[in-house]
Amino acid sequence: MWVPPKNPGSSSLPLADTIPSILRFGEGSGIPKLASATAPLGSAPRRAMLLAAPGPKRHTAPASSAGSSSGLDSQRRSLPIFQARGTLLGQLRSLDCAVLIGETGSGKTTQIPQYLYEGGIGRQGIVAVTQPRRVAAISLATRVSDEKKTELGKLVGYTVRFEDLTSEETKIKFLTDGMLLREAIGDPLMAKYSVVILDEAHERTIHTDVLFGVVKAAQKRRKELGKSPLKIIIMSATMDVDLFSQYFNGAPVLYLEGRQHPIQIFYAKQSQSDYLQAALVTVFQIHQEAPPPQDILVFLTGQEEIEAMTKTCRDIAKHLPDGCPQMVVMPLYASLPYSQQLRVFQTAPKGYRKVVLSTNIAETSITIAGIKYVVDTGMVKAKKYSPESGLEVLAVQRVSKAQAWQRAGRAGREDSGLCYRLYTEDEFEKFDKMTIPEIQRCNLAGVMLHLLALRIPNVLTFDFMSKPSPEALQAAVEQLALLGAVERKDDQLILTPLGRRMAAFPLEPKFSKTILMAPKFHCTEEILTIVSLLSVDSVLYNPPSRRDEVQAVRKKFISSEGDHITLLNIYRAFKNISGNREWCKENFVNSRNMMLVSDVRAQLRDICIKLSIPLESSRSDTGNIRRCLAHSLFMNTAELQADGTYATTDTHQLVAIHPSSVLFHCKPACVTYNELLHTNKCYMRDLCVVDADWLYDAAPEYFRRKLRAAKN
DNA sequence: GAGCACTGC
């Protein structure tokens, strides 16, 4: 058992030449919430009732017969939640809404849907359980169908984009929150569901936040219409209970004990001016003092930082003193090719310690077994949105307290763990309590379009749990008006027929509009490809170390007309050789994302057919494609100024061409772009060369208005 | 002149 340094200052680091300072840590005074199994929450609403479920404290390893039915049964019974089953069912039976707070490992997500089913609650309909991520929905459905000893897709099934494994028999259905939201367009009362469980509610994804309001409205409406009741259960891991409870008319909060292992927290004794340096020192300090099979997870902010740190760690690890364990260093971030991501799941060879340097992908999306130590820089790269400028700002910032606890929790998955925070306890106390929910950080055009499609009476006053600013709502509606999706009628905002068609696509409104414009320019096939490419992560893989190779190979696809046409060329080449992996590797194309593009394209094409949109190809005529883009992206344009810089056409914001664009070294007179992203500079991403005249043709009134505004 | 946190429909 590793013992925390009693006097950290005296522990000598054999790497003093490379790393000048030793970081001093003090043990946290406040007992971290995650380490406390009995009293997880300080401020429970008064109406709350406590469901203590003291399961076995000792972590029981999965039965060796895991998979066999008896093993699964005994595992189910050994879960902490099992002893609370009766009480829980009694409560849930009588409640319209409940908030369920369960620690990691309480088994709430797998067990509660089964308890409801077994207890005959809501048998007349389906029990829906939403998840923020696809993989979670799929693996939970698999697990629960195993426990019920049924075939996946029968009693228990799942629905995620591109995959629907449900049938007439399905009574317990796991789905992504986005999927349930999309289903609601055709069925705003959610008539086929008797219970909706919104899981991982504390993550506050934009979809969960919209669903809060949608299920609440559906429940109320069903009651008014005298239809069968809809039961709502909110499941969350952390402390936002007051907010959830208040929003759902004072719904009772039920607590479930979990099986999180204790985590010891250490804070930096002094404020750190350089968190990268501090992280480096801490990793090697731990490495020197801890026995080898215990792995380290370090939270950093981005790809570039992680790649640089990986290299530094590897260099230092080559020159470790005798007797020191060896080290394997692995980067982890979302744009890393899948095969490389998988490496973090391999156990390190004997005598080696695994050090994973990760973005916040390891906070929720990827769980790595065997992590004993977490090193938390306290920093995260996150997006903010300013509705006034329409600008998205991507910046490194402090994490919230909730996020810091989430990170710490990654050390206690299998056994007790330790978390080193590279900030002082005083600094921590100044962190925001919660991360600002996504719905308050985003462009809301898509959300507003969705709400309108759900026939919500007044979208500007929609009952959000955390209301976005009026400016953000107004900006979204204005954007929709510009796209021709909404109009005012008797002081009410309603969808135009075009808007209703736009809402049928699982896309940002401007991309839906682009598709709907395409028939006019006889290039729907090409636009479908381009929009698909733009709506998934980049298919281009750019390893910094092989930049020259990448450039040489990519040359053959590059179009002087911009990124859209270049991407189209790459997709066509990919399809011409019928899309094999080898080709992708040779051409630095991310094959996983490319496959996804194919799936997305097929889905969008199906929707076009349902909407009777003619599917034509413009073949080699790229002018029509660019005209089509100009007609739908006219509000996203910039013009070259006399001094060689670019200014946006509408607000004359100074912008630059993003270095990832094929037009980076070019100076076209007029371009449209997909989005502006503010990092060090205000960059335009994904550009297309257009003719200024086309823009005026596309929206004469818009530009006349802009011109008048400029004159005043 | 030089850069891209993370999900999801």
Side-chain angles (χ1 to χ4, degrees), chain A residues 130-137 159-164 175-185 200 203-211 299-307 332-336 358-366 377 379-384 392-397 399 403 406 435 437-438 441-442 446-447 449-450 453 503-509 511-512 532 535-538 540-544 547 590 596 599-600 603-604 607 643-646 654-661 663-667 674-675 677-686:
Chain A
T130 70
Q131 293 294 317
R133 282 167 293 279
R134 293 167 52 96
V135 277
T159 307
V160 297
R161 192 180 188 181
F162 311 125
E163 269 182 86
D164 181 9
L175 28 52
T176 45
D177 46 16
M179 200 68 216
L180 184 58
L181 207 51
R182 187 136 289 274
E183 275 190 2
I185 291 183
E200 309 285 7
E203 287 193 29
R204 303 295 302 274
T205 71
I206 196 160
H207 291 145
T208 313
D209 263 39
V210 177
L211 272 177
F299 283 102
L300 296 162
T301 67
Q303 173 178 350
E304 201 179 299
E305 190 175 281
I306 286 168
E307 289 294 349
L332 179 63
Y333 45 87
S335 60
L336 198 67
S358 173
T359 59
N360 47 350
I361 193 172
E363 239 172 67
T364 49
S365 307
I366 291 180
T377 56
M379 307 304 281
V380 66
K381 198 180 279 185
K383 208 182 244 181
K384 294 180 197 166
E392 291 179 324
V393 183
L394 192 61
V396 171
Q397 48 199 300
V399 297
Q403 232 174 331
Q406 177 69 28
T435 308
E438 200 183 357
R441 292 184 282 127
C442 281
V447 169
L449 184 67
H450 206 121
F505 291 94
L507 292 168
E508 280 180 56
F511 290 148
S512 311
S532 305
S535 65
V536 307
D537 282 341
S538 177
L540 307 178
Y541 176 51
N542 296 316
R547 226 170 64 179
N590 183 320
L596 194 58
D599 290 345
V600 172
Q603 187 189 27
L604 299 180
I607 297 170
D643 64 358
T645 62
Y646 282 87
L654 177 71
V655 290
I657 298 176
H658 195 277
S660 66
S661 172
L663 297 177
F664 183 54
H665 291 288
C666 311
K667 294 251 177 223
N674 283 346
E675 59 170 3
L677 185 69
H678 198 107
T679 50
N680 293 326
K681 262 189 193 174
C682 191
Y683 286 109
M684 301 178 274
R685 293 220 292 191
D686 300 313

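Below, chains carry the letters A, B, ... as their sequence lines are ordered, and counting in each starts from 1.
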| task | Could you check Cys666(A) against Val536(A) and say which one's nearest nucleotide on DNA chain B is further toward the 5' end? | result | Cys666(A)
| task | Choose from dC6(B), dG1(B), dC9(B) the nucleotide whose nearest atom is closest to any side-chain atom of Ala334(A). | result | dC6(B)
| Which nucleotide in the set dT7(B), dG3(B), dC9(B) lies at the smallest distance from any side-chain heavy atom of Ser660(A)? | dG3(B)
| query | When all nucleic acid strands are considered with a 4.0 Å heavy-atom cut-off, which category describes Arg547(A): base, sugar-phosphate, or nothing? | reply | base
| said: Just the rounded figure in Å: distance from P of dG3(B) to OH of Tyr333(A). | reply: 17 Å
| request: Please identify each residue that fulfils side chain to side chain contact (heavy atoms under 4.5 Å, CB included) with Thr377(A), with sequence neighbours left out. | output: Tyr275(A), Ala279(A), Leu300(A), Met379(A), Arg407(A), Leu422(A)
| said: Strictly distance-based, threshold 3.5 Å: is any side-chain N or O of Glu438(A) a donor or acceptor partner for the main-chain N or O of Ile206(A)? | reply: yes
| remark: note: Glu305(A), atom CD; dG3(B), atom C1'; distance rounded to Å ~ 14 Å
| request: Report the distance from atom CD of Glu200(A) to atom C1' of dG8(B), rounded to the nearest whole Å. | output: 15 Å
| remark: Of dA5(B), dT7(B), dG3(B), the nucleotide closest to the side chain of His658(A) is dG3(B)
| task | Could you check which of dA2(B), dA5(B), dT7(B) has an atom nearest any side-chain atom of Lys381(A)? | result | dA5(B)
| message | Using a heavy-atom cut-off of 4.0 Å across all strands, would you classify Leu394(A) as base, sugar-phosphate, or nothing? | response | base
| request: Check Cys666(A) against Ile657(A) and note the closest heavy-atom contact, atom names and distance. | output: O-CD1, 3.8 Å
| query | When you measure from the side chain of Glu304(A), which nucleotide among dT7(B), dA5(B), dG3(B) comes out closest? | reply | dG3(B)
| query | How about Ser660(A) and His658(A): does a side-chain donor come under 3.5 Å of a side-chain acceptor? | reply | yes
| Given DNA chain B, 5'-ward residue of the pair Lys383(A) and Leu507(A), judged by closest heavy atom | Lys383(A)
| said: OP1 or OP2 of dG3(B) versus the side-chain N and O atoms of Asn680(A): is any pair under 4.0 Å? | reply: yes
| For Ser538(A), side chain to side chain contact (heavy atoms under 4.5 Å, CB included) partners two or more places apart | Leu540(A)
| query | Between dC9(B) and Thr176(A), is there an OP1 or OP2 to side-chain N/O distance shorter than 4.0 Å? | reply | yes
| Of the nucleotides dG3(B), dC9(B), dT7(B), which one has an atom closest to the side chain of Ile361(A)? | dT7(B)
| note | When rounded to whole Å, the CG to P distance for the pair Leu211(A) and dC9(B) reads 12 Å
| Under 4.0 Å: is that the gap between some side-chain N or O of Thr359(A) and OP1 or OP2 of dC6(B)? | yes
| remark: Taken to the nearest whole Å, CZ/Phe299(A) to C1'/dC6(B) is 13 Å
| Among dA2(B), dC9(B), dT7(B), the nucleotide that comes nearest once only the side chain of Arg133(A) is considered | dT7(B)
| remark: Rounded to whole Å, CD of Glu363(A) lies from C1' of dA5(B) at a distance of 10 Å
| query | With a non-hydrogen cut-off below 4.0 angstrom, is His450(A) in contact with a base, only sugar-phosphate, or nothing? | reply | nothing
| task | Could you tell me the separation between the CZ atom of Phe162(A) and the P atom of dG8(B), rounded to a whole number of Å? | result | 11 Å
| request: Grab the OH-P distance between Tyr683(A) and dA2(B) for me, whole Å please. | output: 6 Å
| message | Which nucleotide wins on minimum distance to the side chain of Glu438(A), given the candidates dA5(B), dG8(B), dT7(B)? | response | dT7(B)
| message | Measuring only between side-chain heavy atoms, which start at C-beta, is Val380(A) closer than 4.5 Å to Phe299(A)? | response | no
